[in-house]
Student: 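Below is one structure. I have some questions about it.
Here the structure is a predicted model, which means the values were calculated and not measured. Sequence positions, counted from 1, serve as the residue numbers for this chain.
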Amino acid sequence: MISMLILIAILLGNIIRGHEEKDIFYYVWIVWLVLFSAIFVITVYRTYVKKLSVMEMHQDGIVINGTEINAEAVACLLINDDKKRVIGIKPKGRKIVPLKLCFAFAEEQAEGIRQLETWAQERHVKISKGFFMRWM
């Protein structure tokens with residue numbers, strides 16, 4: 001987020017310095033400024049304001065924030081072993097995990113992951129550990 005703020009400040013400086021010459025670069029900088037500012041606002045919102053996801057495991061599938069995914073529709077469960085473990089559910093036919101299907105356990109993370117792995121093994125869902133890409 002700090003790098004985004006620096007980039008926004010640089011773009012804003014270019015716009016202020018070049019306001020006398022309204023050439024194509026002036027308008028390109030304005031577009032980039034608006035784009036990066038929007039991305040920054042979305043990132044701050046998702047990081048600090050958005051409420052925690054609620055995940056429930058059922059016999060038929062998993063429910064995340066009211067969105068139910070059947071076990072047959074899950075290609076694999078991905079576990080990112082970073083500082084804060086993030087779990088992603090990759091639907092069949094998708095190459096990247098949608099952000100709405102990513103979550104982390106707030107408490108008792110090891111127990112939650114163990115239960116999730118047991119659920120996946122019972123339903124023959126593949127489990128992969130390591131880095132995975134998420135889509136905004």
Side-chain angles (χ1 to χ4, degrees):
M1 284 195 276
I2 293 171
S3 61
M4 288 296 289
L5 281 175
I6 292 170
L7 187 57
I8 289 169
I10 291 170
L11 287 170
L12 190 59
N14 285 337
I15 291 170
I16 290 171
R17 277 190 313 210
H19 74 281
E20 293 89 23
E21 301 176 21
K22 302 247 186 313
D23 59 352
I24 188 73
F25 291 113
Y26 177 79
Y27 296 106
V28 169
W29 287 331
I30 290 176
V31 170
W32 279 109
L33 178 67
V34 169
L35 178 71
F36 288 135
S37 298
I39 291 171
F40 179 75
V41 168
I42 290 169
T43 303
V44 167
Y45 171 76
R46 286 187 175 167
T47 304
Y48 298 110
V49 178
K50 189 177 176 189
K51 64 179 182 167
L52 294 175
S53 299
V54 177
M55 191 259 320
E56 299 174 15
M57 291 182 280
H58 294 287
Q59 195 68 16
D60 300 335
I62 296 176
V63 178
I64 299 177
N65 288 336
T67 304
E68 184 172 354
I69 300 135
N70 291 331
E72 296 85 33
V74 176
C76 66
L77 288 175
L78 302 161
I79 301 172
N80 187 354
D81 285 328
D82 207 4
K83 293 177 186 175
K84 184 177 182 183
R85 285 187 174 172
V86 177
I87 294 100
I89 301 173
K90 185 167 113 177
K92 289 184 178 175
R94 292 279 186 98
K95 295 186 188 274
I96 297 176
V97 177
L99 192 61
K100 68 180 181 177
L101 297 181
C102 293
F103 62 93
F105 291 106
E107 300 172 353
E108 300 178 17
Q109 186 167 318
E111 177 65 24
I113 290 176
R114 188 188 59 74
Q115 289 178 0
L116 192 61
E117 287 175 341
T118 303
W119 179 89
Q121 289 171 353
E122 290 173 355
R123 284 148 190 84
H124 307 290
V125 175
K126 181 182 166 189
I127 300 171
S128 297
K129 293 188 178 188
F131 177 77
F132 62 89
M133 295 291 294
R134 296 170 281 218
W135 185 250
M136 288 177 50

Student: Which pair of heavy atoms, one from Met4 and one from Phe36, lies closest together, and at what distance?
Tutor: CE-O, 3.4 Å
Student: With a 4.5 Å cut-off on side-chain heavy-atom distances among I, L, V, M, F, W and Y, is there a chain of contacts connecting Ile24 to Tyr26?
Tutor: yes
Student: Calculate, to the nearest 0.5 Å, the distance between atoms CG and CD1 belonging to Leu101 and Ile96 respectively.
Tutor: 13.0 Å
Student: Can you check whether Ile62 reaches Leu116 side chain to side chain, under 4.5 Å on heavy atoms?
Tutor: yes
Student: State, to 0.1 Å, how close Ala120 and Leu77 come at their nearest heavy-atom pair, and which atoms those are.
Tutor: CB-CD1, 3.5 Å
Student: Any idea which heavy atoms bring Pro91 and Pro98 closest together, and the distance?
Tutor: CD-CD, 3.9 Å
Student: List the atom of Ala71, the atom of Val125, and the distance in Å for their closest heavy-atom pair.
Tutor: O-CG2, 4.0 Å
Student: Heavy atoms, side chains only, cut-off 4.5 Å: are Leu78 and Ile87 in contact?
Tutor: no
Student: Check Leu33, Val41, Ile39 against Ser37 for a side chain to side chain contact (heavy atoms under 4.5 Å, CB included) and give me the one that passes.
Tutor: Leu33
Student: Consider only side-chain heavy atoms of I, L, V, M, F, W and Y, link residues closer than 4.5 Å, and tell whether Tyr27 and Leu7 are in one cluster.
Tutor: yes
Student: Minimum heavy-atom separation for Glu68 to Asn70, with atom names?
Tutor: OE2-OD1, 3.8 Å
Student: Are Ile64 and Ile127 connected, step by step, through hydrophobic side chains (Ile, Leu, Val, Met, Phe, Trp, Tyr) whose heavy atoms are closer than 4.5 Å?
Tutor: yes
Student: Do Val28 and Ile10 belong to the same hydrophobic cluster, where Ile, Leu, Val, Met, Phe, Trp and Tyr are linked whenever their side-chain heavy atoms lie under 4.5 Å apart, directly or via other members?
Tutor: no
Student: Between Glu72 and Lys92, which heavy-atom pair has the shortest distance, and what is it?
Tutor: O-NZ, 2.9 Å
Student: Hey, is CH2 on Trp32 packed in by over 12 heavy atoms from elsewhere, all under 6.0 Å?
Tutor: no
Student: Between Gln121 and Glu117, is a side-chain hydrogen bond (donor to acceptor under 3.5 Å, both in side chains) present by the stated rule, with each step listed?
Tutor: CA-CA 6 Å; Gln121 289 171 353; Glu117 287 175 341; 5.8 Å; no
Student: CG/Leu35 to CD1/Ile30 distance, rounded to the nearest 0.5 angstrom?
Tutor: 13.5 Å
Student: Applying a strict under-4.5 Å side-chain criterion to I, L, V, M, F, W and Y, I'd like to know whether Ile16 and Ile6 cluster together.
Tutor: no
